[in-house]
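The structure appears below as structure tokens.
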Amino acid sequence: MKQDTREVNKPLKDLIEERGYTQKSFAEALGLAYSTVKFYVARQKTPGTDITAKMCVLLEKSPKQVMTALGIDVSGIPDDKTESLKPSNPLAITRG
């Protein structure tokens, strides 16, 4: 089942509000300054992977959805359930 693109393309501000956070309370939950979250929402700064992972947990969204909300180009990144993530011939994998 394909996900609705409107759901995937929501801005970070909308994702934060949908989970019942204010930007200030979201910043507190992340252990960040409110001004830092304001920069993320405005797409003026990009968080590191550790903060992005925390955002995924707090927002209950996939990394791809959160990265899109942050303004990161995710084109070409496969979804978790995409067949291309599986090796074409698992027996061909060798261990060094």
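Between Arg43 atom CZ and Ile72 atom CD1 the span is 9.5 Å, to the nearest 0.5 Å. Distance CD1/Ile51 to OG1/Thr46: 13.0 Å, rounded to 0.5 Å. Atoms CG and CD, from Leu12 and Glu17 in turn, are 10.0 Å apart once rounded to the nearest 0.5 Å.
No donor-acceptor pair closer than 3.5 Å links the side chain of Lys61 to the backbone N or O of Leu15.
Residues Ile77 and Met67 form a side-chain contact, since some pair of their non-hydrogen atoms from C-beta on lies under 4.5 Å apart.
Closest non-hydrogen pair, Met55 versus Pro47, comes out as CE-CG, 4.1 Å. Of all non-hydrogen atoms in Pro63 and Cys56, the two that sit nearest each other are CA-SG, 3.4 Å.
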Show me, pair by pair, the donor-acceptor contacts under 3.5 angstrom made by side chains of residues 20-27, not counting sequence neighbours?
| unit_1 | atom_1 | unit_2 | atom_2 | d |
| --- | --- | --- | --- | --- |
| Thr22 | OG1 | Lys24 | N | 3.4 |
| Thr22 | OG1 | Ser25 | N | 2.9 |
| Thr22 | OG1 | Ser25 | OG | 3.2 |
| Ser25 | OG | Thr22 | N | 2.8 |
| Ser25 | OG | Thr22 | O | 3.2 |

